[in-house]
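A short worksheet on the structure shown next.
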Amino acid sequence: MSSTSVASGRIDHEDISVRLTASLPFVHPHLEVEKNPSKGRLVRVKRPIKDGEVVLIDTPYALVPAMIVDEPPFSLCSRQQCNRRIPVGAATVSCPEKCLEEVVWCSNQCQSQDKARHGLECSWLKHISPEIRQSQGDATFGLLWMIARILINKTNENTSSTANEITDDKISTSHFHRKGWAAVWNLDGGPDHFPAALINQWGSLVNNYLVHELLGVKHNPGDILRLICKVETNSFGLYPGITGRYPVVSHVSRGDYYGGGIYPTAAMFNHACCPNITHEVDANGRRMFKAGRDIEAGEECCITYFDLFEYPDVTSRKEAIKNSWSFFCSCERCNEEGSTEFPDFLQDLEF
Ligand SMILES: C[S@@+](CC[C@H](N)C(=O)[O-])C[C@H]1O[C@@H](n2cnc3c(N)ncnc32)[C@H](O)[C@@H]1O
């Protein structure tokens with residue numbers, strides 16, 4: 001067991017495994033959130049942080065198992081307070097209603113403790129998911145299931161209505177003081193961040209599938225649409241390995257996707273292709289962020305949003321970011337590598 005402590009901002013894996021989820025999220029005392037005109041909010045370091053220090057540990061507000069890969073390396077225990085990853089082939093408990101193959105628990109105890117929560121999604125999964133998967137595809141179903149689980153967790157949290165009063169222009173920089181649904185609703189991303197055609201498509205999905213009598217929770221369709229925008233802007237994938245080692249080790253990938261989730265506190269990190277923060281998920285879905293090098297006071301803390309191993313050149317990285325997150329990366333590495341590339345407009349000129 002390590003002698004370091006959360007209070008000093010230094011924790012290691014052994015500490016985390018015995019710490020109660022209730023004491024999370026942990027945010028290093030040297031971090032603060034501020035606003036930037038081009039990137040929105042960002043996380044900055046007030047006082048230096050050493051290479052390897054844990055800077056943040058977050059618990060997921062909701063997780064869903066991978067829907068888009070044939071053989072994910074793990075399934076996930078459905079009980080939100082457990083989230084255990086279960087290796088393929090290990091024993092699991094399935095839903096007695098056989099609602100969906102991907103719904104499993106790691107033990108009878110988890111299944112029985114999750115009965116009430118799962119009861120709110122079970123009929124919807126059983127009767128509506130086949131239609132969604134067939135007509136909209138697995139990725140869209142995964143997104144809608146994530147939204148359904150968030151709404152169920154919000155309902156179970158029994159939050160006050162004040163969390164719902166936030167509008168996009170009022171999202172607050174005091175994000176680290178918010179927890180649960182209040183932190184989810186304070187996330188960036190509104191309908192104006194996405195093309196109108198996509199918003200219309202999501203609006204139809206909300207009306208057809210999420211405002212539905214078989215889903216055990218009811219919400220305003222406009223708010224559900226805003227929630228989809230927030231989830232699309234802020235969700236994290238689950239991978240077995242570490243994301244964001246830098247410099248990139250050319251033969252080390254973070255491994256295969258096995259699920260996705262919303263980590264409301266960690267979603268404050270912006271992206272850089274030369275990240276100074278790594279992140280990794282433990283066996284219960286908790287996500288730990290560590291300094292990848294010494295970080296000086298005043299530096300921004302950035303993670304990478306994708307596996308840098310898969311996108312070695314600046315052109316493929318810019319393309320991936322544009323397609324998946326709709327922003328233009330101007331990190332130090334892209335600026336440096338981009339300046340050595342032949343600009344697009346010159347390629348069109350005839351000499
Ligand atoms: C997960 S959120 C990060 C926190 C966000 N800046 C906020 O205000 O809550 C992702 C969004 O942040 C912005 N962002 C992240 N990294 C960026 C970067 N390198 N350059 C520009 N914008 C970035 C984009 O708007 C992106 O959709």
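Just so you know, these numbers come straight off a predicted model, no measurement behind them. Every number for a ligand or one of its atoms is a count from 1 in the order of the listing.
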Donor-acceptor pairs are to be reported for all side-chain atoms of residues 92-99 against protein atoms at under 3.5 Å, with residues two or more places apart or in another chain.
none

Let me check something: any side-chain donor-acceptor pairs from residues 258-270 under 3.5 Å, sequence neighbours excluded? List them with distances.
| from | atom 1 | to | atom 2 | distance (Å) |
| --- | --- | --- | --- | --- |
| Tyr258 | OH | Arg85 | NH1 | 2.9 |
| Tyr263 | OH | Gly285 | O | 2.5 |
| Asn270 | ND2 | Arg41 | O | 2.9 |
| Asn270 | ND2 | Glu300 | OE2 | 3.2 |

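Between the side chains of Thr243 and Arg254, at least one donor N or O sits under 3.5 Å from an acceptor N or O. Remark: the Ser78 side chain and the Asp114 side chain contain no N/O donor-acceptor pair separated by less than 3.5 Å.
Protein neighbours of ligand 1 below 4.0 Å, counting non-hydrogen atoms: Lys39, Gly40, Arg41, Asp188, Thr233, Asn234, Ala267, Met268, Phe269, Asn270, His271, Tyr305, Phe327, Phe328.
A cation-pi arrangement is present between Lys318 and Phe328, with the terminal nitrogen or guanidinium carbon under 6.0 Å from the aromatic centre and inside a 45° cone about the axis.
Shown here are the ring-ring contact (aromatic ring centres under 6.0 Å, His included) partners of His118, two or more places apart in sequence or in another chain: Trp105.
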